[in-house]
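Counting starts at 1 for both ligands and their atoms, in listed order. Only this structure's heavy atoms are used, side chains among them; waters, hydrogens and symmetry mates stay out. All residue numbers in this chain count up from 1 along the given sequence.
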Amino acid sequence: MAAAGITRIFPDLTEDLLLNLFHKGAQAQWTSRSLDWSTPLQLSARQRLALARLLTPVYFGEQTAMAGASSILPSVMAAGEATAQLYLASFIMDEARHFETLTKLYRTLGHDPLGIRDMPELLRYYHRLRQGDRVDWVWGILISDIIGKHFYRELGPKQATPDPLFAGLTTRILKDESRHLAFAEHYLKRNLPALVPERRRVMIEMRDELLRLLESMTEKVRGDALAFGVEIEDFLQGVAAELEGISARVGLLDRNGRPPGAVGPRGENIRRRWFLAREEPQPAAELASTDDSLVARCFGCLLSLICSQRLATT
Ligand SMILES: [Fe+2]
Ligand SMILES: [Fe+2]
C-alpha cells in the first residue's frame, strides 16, 4: 500500500545552479593520491609545528562538514529539494577528501592537531552549528567555508614563497570550497525570503557568536600565524568583511546593515561590533568538566556524538 500523502515518486530535477554544481563536483574528482607527496616540504621545523596547530579548527571542520551534510540530507529530501540533495552528495565527497588529505598532511608534518583541552572553543563552535534547521546549517557551513577559504589562501597561495605541496593541496581544496560557497549563497537567497525577521536576527547572532569563537581560537595560535608572516587581525578582518558582504547579498541585512524588520539605530559594522563585543572566557574548571563528560574515546566518537543530535525540522 502506498504511504499516506505520497502521490508521486518522480523528483523535480530542474536545471538549476545546484544541479550544475553537482555535475561540476562529480566531474572534478581528486584524492590525496593525486598529489605528489614525494615533493619534500619546504617548511622550517617551526612552520611545520605552526601549520599543524593552525590547521586544527579547519581539520575539525572538514570532518564535521562531512558528517553534518549526511545528517542534513534527509531533511533536504523531505523538503522536496531534489537538486540540493544531489549537490549535498557531492559535497560529502568533497569534505571526505579534504579530511583524508589533511590527515595525510598531518602525518607528513610529523605533528598532531591541537587537543580539545587546548582549544575547547572547537566544541562550542561545532555545537552551535548543530542548532536550528537546514537553513541554519547552510548558513553555518557558509561561515565555516569562508573561514577555511581565508585560512587556505593566507597560508597557501598567498605566501611569498609557497610550499609546493601545501600550495598544490590548498589550490585543489579552494576550488571545491568555491562550489560550496556558491551553493550556500544560492540556497540562502532562495530560502531566506520565507523566513520571519526573528529567524534572520537569530542567524545574525549565530554569525557573531561563531566569529567571537573564531577570534578566541585564533588568539591561541597567534605566534603560529606569525611563523607564516600572517597577522591574526588581518585574517579576522578579511573573514568578517567577506561575511558582511554575503550577509547583505543573501538578504539577512537591509540597506542600513540591520536584519529586516529590526528597529533601532542603524546597524553597526560587523567588524567593529565583533571586536568590541568579545566573549567572556568561561572558567577553565567549568570547561574541563564539560569536556570530560563529552570526550569519547576518540575524535571521531566525539564528532558522532555532536552530529547525532536531531536537527529541528521546517
Ligand atoms: Fe572542505
Ligand atoms: Fe566546504
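The side-chain contact (heavy atoms from CB on, under 4.5 Å) test with Leu43 is passed by exactly one of Leu165, Leu109, Thr108: Leu109.
Of the charged side-chain nitrogens involved, at least one lies within less than 4.0 Å of a carboxylate oxygen, so that Glu198 and Arg201 count as a salt-bridged pair. With salt bridges taken as basic N to acidic carboxylate O contacts below 4.0 Å, one links Glu185 and Lys189. In summary, Arg222 and Glu219 engage in a salt bridge, as defined by a charged side-chain N under 4.0 Å from a carboxylate O.
Distances shorter than 2.8 Å separate the Fe ion (ligand 1) from the protein N/O/S atoms Glu62 OE1, Glu95 OE1, His98 ND1, Glu177 OE2.
By the 30° and 60° cut-offs, the orientation of the rings of His150 relative to Phe235 is perpendicular.
Counting only heavy atoms from C-beta outward, the side chains of Phe151 and Val239 never approach each other to under 4.5 Å.
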